[in-house]
Every structure is written in structure tokens, then in C-alpha cells.
Amino acid sequence: MTASTKAIDRHAAAHDASHYLLVPAEVARPGTAQEVAELLVSARDRGLPVTFRSGGTSLSGQGVTAGVLADTRHAFRTADVLDGGARVRVQPGMTVRQVNARLARHGRKLGPDPASEIACTIGGVVANNSSGMACGIEKNTYRTLESLVVVLPSGTVLDTSLADADERLRAAEPELHAGLLALRDRVRADPASVATVERFFAMKNTMGYGINAFLDFDSAVDILTHLIVGSEGTLGFVAEAVFRTVTLHPAATTALAVFATLREATAALPAIVATGAATVELMDSTSLRLAARADDAPTELRELTIDDHAAFLIEFHGPDAQAAEAARADAAPVFDALPLSLPLRFTTDAAERAALWHIRKGLYTTVAEARAPGTTALLEDVVVPVPTLLDACAGLRDLFAAHGYEDSVIFGHAKDGNIHFMLSERLGEPSGVDRYRAFTDDMVELILGLGGSLKAEHGTGRIMAPFVRRQYGDELYAVMQEVKRLFDPHGILNPGVLLSDDPDSYLRDLKTAPPVEDEVDRCVECGYCEPACPSRDLTLTPRQRIVLRRELRAAQLAGDEALAAELRDDYEYAGVQTCAVDGMCQTACPVNINTGDLVRLLRGESASRVAAGAWDAAAAAWGPVSRGGGVALTVADALPAPLVRAATDVGRALLGADTVPRYDAGLPRGGTRRSPRTAAEPQAVFFAACIGTMFGAEGGGMGSTAAFLALCERAGVEVTVPDGISSMCCGTPWKSKGFHDGNERMSERVLPALLAASRGGELPVVCDAASCTEGLEALRDAAVKAGGDYSRLRFVDSVDFAATALLPGLDVVDELPSLVLHPTCSTQRLGVDGALRRVAEAVAADVTVPIDAGCCAFAGDRGLLHPELTASATEREAAEVGVLAAEAAAAGTVTAYASANRTCELGLSRATGQRYRHILEVVEEATRPRPAAPAGRPSTR
């Protein structure tokens, strides 16, 4: 177990998705259940509280502490599929999406389906009793959890799956065992308590402890297991959980049902729910007005004059398209009778469905992005009996108006009576806090008056802890207090969360968001970006890069120069130099932030004039410079590797690790010079990436440039290569380092040449390195934004071009038995992962994309400057590839390894020990005509 009291670690970990901020005294990283037990005992002896954190997506303040923050995200990341997918054993550091990816191969999934599945972890799912859009209360965590391994505050580790688990609990924790049985009898003996529990837990309800366990289970160990669910880290640590899974229904048909009024919508809800629709998502009139602004909103919605309208996003699921459509058809009479403002049209088209879901899921983005600088976005949820949904929505809208919360939206899971609302507030100002207090008081009165619960999905946390007694009454509140005392008599686990006798505790430790840089001020600190970040296990995540800038600004405003200086010094390596600037964070960010933009800005600000001048000079003479790099690698390849490595290490020591790359024996020889090419009737312009000049092909192969040209010739497709190609580059090396002048110089050289070569944009420009294709698009977009006339330029990655223009003219001669494919960050951002797979499947019988495939973080020269970054980013994928390679070896089959970018191939080859090549090289070999056999002798190939 590691632990840190460094300022950068403590302040980076202080932030989660909630609007609370507490800076931990220490950040610990236990790796086993036993280490957690030792941590709890140590913290108790030191008088320090402990809070567990993994994904950090919790919205109610249950993941922050001023004591010890136990970060379990970096360990506890295994999942074992059991019984053919019927069950799964999983550790708390795995995200829901990662677990579902493993279950999908068996046609199964987890029951809980939270919208934050990309980032929320199993630890959080259990701790918050997560549900979601489709699972209701029938398939939530409480209902589908079978057993768990829990570490109790005393240090006792209990596996509740064991046949004698109850006896083990009695022996290890006799007071807890007896106390749970006594509380069971106490609740059951009080008819009022039974009625209250049954009423609240018939709905989605995460307010207080899950005391329905006292009614649902008899044995102490079963009661304990289900009290842990939804306990928000206040009763113990879940080191492992076994879930019963549910059937995966991958097919869906979706429609948006728009009503003239909220009253008409809620009146129609019972009939819609009765059709068996998997999801029925409510959006109020403000939601629809905001959604109609989106470019991909349906034309009918954009043209509708929205007054008091409301809508349901309705979806039917099925094991296949036919089953989903049959379910929809059965419900048709119900929908035909609805008083709709717009025609109802169900669709199975993936793009159209994505656009409809963007209406619903984009609400968070729209409101969060539109909030004023310095304000905090608050996303809350409540639940009411479905017949009172209209009164709840209308009441909330009245409260928004009364308290001056403009553009606040209401949306949610209508069939469950579970609604979310979002507002923005200035929590750093007393007037903002007072307004928030007054609104909360009125909201509590409204929801409880309607028979609802103040928390449905997000957990009680700090935000509703003072209101638990008010919701349940004195008797059941006393039961909950006794639950806490029995489990945690010293009160070391997450104090202040879930239960609080201080009526104002929810107004303490509120987080403010001082503006820092335009690139990142929109950040709501949700953490969705973190699983996609290649530096997440080495230094910082995108969220942490942003919040540390805020922490630095706050320290400066407070006059704490010592803290500011320490954060600034440590941030250079952790925040700036080990960022891959790959943009993957943007693909997951709900407010569309690319943290790489911030890092590029900081790199440009911190770079010396000498370095900037040198790179500008390199841009001016890029042909000789790129060829010189290739020659240097060829020379180095001929020398003893230790000698070359020692020389680069000396250079790194003298000039800095962020200036001089480190050589290793795995680097290839230099590549070949790029040359222009003419064609009589070209179908495309070929922009051969300069990376092929610097780095030769893996294992003496032909390289992507030669492979592409060979495939074009074989498929009868003519391409032209522009004059001056040897001195051209996509500009990424300068952009990633923040060197604007060099990037601008390259833009002025490349874009006019490509515009001319493409006949004014008539021909597409094809590039054979995915990152360079993306770089060319960025170069064009920046020039267009600056007023340049380059919007007609069309850039196509070679993989996409191969899938559409080359494969139809190729014959596969030698099909591969299997191929392991690495999609790159650029293929994902370009949207060509599908094309990459289609090309691979055209030449291989079996294509596997590792579940843990992600950005390799080689990122141009990052893998040479900081090889530890690539090693960390590829560790889990490399382990999976190792298993695949061993299985192939045992079966005696040949497996190829491919990607779509030369530096990614270098990174993966280094990490796995396998020979990764560009997919076009693999296709070229598979479609290469066999040599003619000598006369009278048959070919044996």
C-alpha cells in the first residue's frame, strides 16, 4: 500500500462530481482487502476518518473527506465471468462499462444501468445502490447482488458467499451479529415502521440506510450484505461483489413522444408504461427548448413553438431487431390514441437513435456549458409516486421561478416517478448559499408532502443527511443510528455522510469554481474523462489537471504562496509533460472539453525561446530534418544499443527529459524518403505521413506508405502525391508542444499545396497515419476559423479509404486465422473504428479487439521522452494480448497484430513483445498474388 501527503496528490484527490470540497490529510492506495483492514486499524488508532473513492462520480458529497482518502481506483480491477455469464465476480475498481464489455460476449449485462457507466465503478454502484434508466427497482444493485467480500471497520474481512458466513460473522463480530437480529425484530414488531419502510422502498429510494433488509432477510449475514448496499462507505469497504446478471437486449427502437402540455403527458404515462417500454424518459418544456437548439435535433422539434410542452423518450428493447419491433407493434394501439403534438416515429437507425438520446443526455451538457463562470452546476434527483408526478414537476417549476433559477431543467425516469433537476448557483457567495438553503427547504416540503423520497438514485451523501430523520421519523432514524453504531462504533468511516444531526451540515464545505482558463472553465468535475486517460495510473487524469489549476488559483487568491509554488512545481511533470494530448478525454466529456488544449497552452507558455525557435526552424526545413531523424535511427540501429542509450541518457541529463528522447533497442531503423507521384486519372491525393520517413517498418516490412500504393495499384485505383511532399507535415508535432509559429508555418505550406493537388477539393486527401489524418483536419479547421478558404478540403484516413475504395477491387489470397486489432485514439476520434474492423475482417477469420484497448500514449514523441507513460497506458491491454498470444500458441495458430498509426505500432510492439504493423501492410500481404509455379510443378503455397 502506498500513501502520500504531497500537496499535489491531496488537492487532486479532493475533487469529485459533487459540490463539496474537503482536502484529505492523506491519500492512500491499498491494493488488497488485507491492506484495507490494516488501513482502517491504523486510521482508528490515529483518530483519522477514512473515506473510500474510486470513480468519483457521486453527486452528493459521499466521496470527499478531510481525513484519509482511500483511492481504490488503481487496484481492485479484476472481473471473473461465472456460469457462462449468469453471474459475475467483480472488484470495486472496475467500471460498469468494463464489466458489461466482458459480459456482452455471453449475451448478459449487469442489472444496474447508471448513465455514468463509462466512469462509475462497481464500488460506487454497491455503495450507492445504483439503478438507472431501465432497471427500475427490480434489477437494481440491491436486487441483483448475491454476495460480497466486505472489510468491516474493525478490520474483519468477511466473505458472505461462504456457507458458514453467518457463523463466521457471529464469531468475529458477536455484538454486530446480535445487534442486527435485535434490530430486525424491532422493525418487524412496529406496524408503523413496517408500513413506512414498505412505502418508501416500493419506489426507487437511496435515502438513508437500506433498512428494508430487516424485512426482506432473516439471517444476520444476509441483512449485513444488503445494509452494505447503499451505505455510501459508512459501514465497510466492499472488496469484491458477486452479481446475478440479466439478459442483454442489444436491439432497440426509439421515438420521441411530444405532448402539448405536461398534464397531457403525465396523464398518458400509465398507458405508456403498461406497454412494457424499457425506458420512458421525461423532458419538460425548458428541456425541450434547450434540446431544440442542438444541430442534430429532429427538424420537427426545431420548428415547434414550445410553450408548456413535455415529451417522453420511449424505447423498446429486444434480443434482435425483429423482437424489438414486435414489442413496438404490440403497443401501437396505445400510441395511436395519444394526443401528440408531433407525429410519433420509431426508429432503429443508429444515427437517428443517437440523435434522440442526445436530446435527453445532452441536457446536462447544455445547462452546464451555459452556466456563468464561477457558478456550480447542481444535479439532483427525487422520486414520487407516479400519480403525483405532475404535481412534483409543476411544483418544482414554481420553485425555480420563485427562487430565480432560470433555465433549470426537469427530466428523468418517468415510469419510476424518478425525476432529476439541474440548476446553477454561486456557492462562493453568501447570497447564493442563502438562496440555495431557501430553495432546498421548499423542495423538501414539496417532495415529502407528495409522499416521495428526497433521494432516488444519487445517494443521501452530505446533501440530504440532515433530512433523513424528517423523511423517516424518529423511530426509524434511531434504527439507522444504531446500524451505524453497531458497524462503526468509533465513527471512522465517512462521518457526516448519510446521517447528520446538524441541520446546516449540507451547507458546509461547499466547492467553488474560480475561473482559470477558457479551455477548461466549463468543467463540472464529473470524472467521465478519467477511464479514457492514458496517464490515469501514472500521474493525473484530465479532471485532476483541471482541478489542480483551480486549486493553484485558489491558493494564489488566498495568498498562500508556499502551496501555490509547490503545486506549480509538481504540476510541470504530472500535469503537463505526461499528458498525451490525445483528445480521448473529449470523447467522454459531457461538456466537450479537450484537456489537451489546456496542456498545449501551458507547454507553449513554459517553452523557452530557444526551443520554440528551434522547432520553428525545423518547420522551415522539415524535409531534411525528418530525413535526418530517419538516418539517425538507421545509424543507431547499427551501433550497440547500450552505447546509444547511454548517449541519449547523457543528453537527457544535460538538456532535460522533456527535450531529448531516450533510445531503446526496440526502435526500428529509419524510414524512406517520400516522393511525389503523378496519375492520369487520380481518384484521390495521397498524403504520405512523414512519420514513415523517420521510423521504418516493423521487422523489415514494407511500411504503410508502400503498402497503400501497392494496394491502390492492385485495386486499379490511381492516386497522386503532391510535389513538395517531403517537406510537408500535418503540424501535430508543433501543435502538441504549443509552438504556434511552427504550426502556422506548416499550415501555410501544406494547405495551399493540397488544395491545388485536390483540384480545389474535388479529390479527397488520403493519409496513411490516423493521427496525421486528424492533424490535417485540425490544420484545415484552424485555417478556416482564421478566415482561410480551405473548407473544401476533404481528408480521409487510409483505413476508411481502403474499406470503401480498395477492398472491392482486392482478392484475399491468404486469409489469416486470427488478428488482434488495436484501434487508436485517432481512429476513434475520426469515427473510423468501424472501417478499421471491416478491413481487418476482410483478411482474417477471427478479429479480436482487446477489451482494455485504449490510447497507448506514445503520442508522437511522448513515448520516447517519457517511456513510463506508454508503459503505464498499455499495461492492461498488454496483459490481455499476452493471454491471447498464449492461447494462439497453444492452439498452433498464427496471429497477426495490427493498428493504424506507426507510433502506436511502436508503443504496442514495445509493450506486448508482438510485431504490430499497420493494417494496410497486413492487407497487402493477404491480397498479394501468388507467384506463378514453374511449368509442370504445382504451387505449394
Side-chain angles (χ1 to χ4, degrees), residues 1-4 13 26-46 48-56 62-63 65 67-82 87-95 98-99 120-128 141 145-173 176-177 220-243 486-490 492-494 537 876:
M1 178 171 62
T2 62
S4 174
E26 175 184 306
V27 178
R29 288 185 176 180
T32 65
Q34 187 55 45
E35 287 184 351
V36 171
E38 293 168 0
L39 173 65
L40 292 177
V41 173
S42 169
R44 183 190 65 205
D45 293 343
R46 292 182 289 160
L48 288 173
V50 178
T51 293
F52 297 104
R53 165 90 69 77
S54 50
Q62 53 268 67
T65 180
V68 178
L69 186 73
D71 184 350
T72 62
R73 177 185 58 193
H74 297 274
F76 299 102
R77 295 195 300 198
T78 64
D80 299 316
V81 176
L82 309 173
R87 299 186 303 141
V88 62
R89 180 189 299 112
V90 59
Q91 290 186 318
M94 294 284 286
T95 67
Q98 288 171 332
V99 178
C120 71
T121 58
I122 296 302
V125 164
V126 176
N128 293 305
T141 308
L145 181 75
E146 181 175 280
S147 67
L148 47 77
V149 175
V150 60
V151 184
L152 298 174
S154 63
T156 295
V157 180
L158 179 68
D159 183 349
T160 69
S161 71
L162 299 176
D164 62 345
D166 195 70
E167 287 304 314
R168 289 176 182 244
L169 175 61
R170 187 197 308 270
E173 303 279 348
L176 174 58
H177 186 279
V221 74
D222 286 338
I223 293 170
L224 177 146
T225 298
H226 291 84
L227 281 172
I228 291 291
V229 176
S231 63
E232 302 176 29
T234 64
L235 302 182
F237 169 72
V238 177
E240 184 178 281
V242 176
F243 289 87
L486 286 169
F487 277 85
D488 186 18
H490 299 282
I492 65 167
L493 283 185
N494 230 0
D537 291 329
R876 291 177 65 81

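Keep in mind that the numbers below use all heavy atoms, side chains included, and drop hydrogens, waters and symmetry copies.
For Asn494 (side chain) and Glu232 (main-chain N/O), a donor-acceptor pair under 3.5 Å exists by modelled atom type. Judged by distance alone, with hydrogens and angles left aside, the side-chain atoms of Ser54 form no donor-acceptor pair with the main-chain N or O of Thr72 at under 3.5 Å. Panel note: side chain Arg77, backbone Arg876; no donor-acceptor pair is recorded below 3.5 Å.
With a 4.5 Å cut-off on side-chain heavy atoms, Val50 and Thr65 do not count as touching. Looking at Val150 and Phe487, their side chains never come closer than 4.5 Å, going by heavy atoms from C-beta outward. A heavy-atom distance below 4.5 Å is found between the side chains of Val242 and Ser147. Here the side chains of Asp166 and His177 are in contact, with some heavy-atom distance below 4.5 Å. Proximity of Arg53 to Arg73: side-chain heavy atoms (C-beta onward) are nowhere separated by under 4.5 Å. Under the 4.5 Å side-chain criterion, counting only non-hydrogen atoms from C-beta, Arg46 is in contact with Val68. Side-chain contact between Leu176 and Thr156 is absent, with no heavy-atom pair separated by less than 4.5 Å. Residues Thr141 and Phe243 have side chains in contact (heavy-atom distance under 4.5 Å, counting atoms from C-beta outward).
Checking each of Thr234, Val238, Ile223 against Ile228 for a side chain to side chain contact (heavy atoms under 4.5 Å, CB included) leaves exactly one that passes, namely Val238. The one candidate from Pro49, Pro153, Ser231 that meets the side chain to side chain contact (heavy atoms under 4.5 Å, CB included) condition with Leu493 is Pro153. In summary, of the residues considered (Arg29, Glu35, His74), a side chain to side chain contact (heavy atoms under 4.5 Å, CB included) with Thr2 occurs for Arg29 alone.
When all heavy atoms of Ala165 and Leu158 are compared, the closest pair comes out as O-CD1, 3.9 Å. Closest of all the heavy-atom pairs between Gln62 and Thr51 is O-CG2, 3.7 Å. Heavy-atom minimum distance, Ala241 versus Val126: CB-CG2, 4.4 Å. The two residues Ala239 and Pro92 have their closest heavy-atom pair at O-CD, 3.2 Å. Between Val90 and Ala79, the shortest heavy-atom contact is CG2-CB, 4.1 Å.
Summarising the geometry, atom CG belonging to Leu39 is positioned 6.5 Å from atom CZ belonging to Phe52; distances are rounded to the nearest 0.5 Å. Of the inter-residue distances, the one linking Leu152 atom CG with Glu173 atom CD reads 5.5 Å to the nearest 0.5 angstrom. Here the straight-line distance linking atom CG of Leu235 with atom CG of Asp488 works out to 7.5 Å at 0.5 Å rounding. Separating the CE atom in Met1 from the CD atom in Glu38 is a distance of 6.5 Å, to the nearest 0.5 Å. Rounded to the nearest 0.5 angstrom, Gln91 CD and Asp80 CG are separated by 8.0 Å.
Counted by atom type alone, Arg44 and His490 present zero donor-acceptor pairs between their side chains at under 3.5 Å.
Ring pair Phe76/Phe237: centre-to-centre distance below 6.0 Å.
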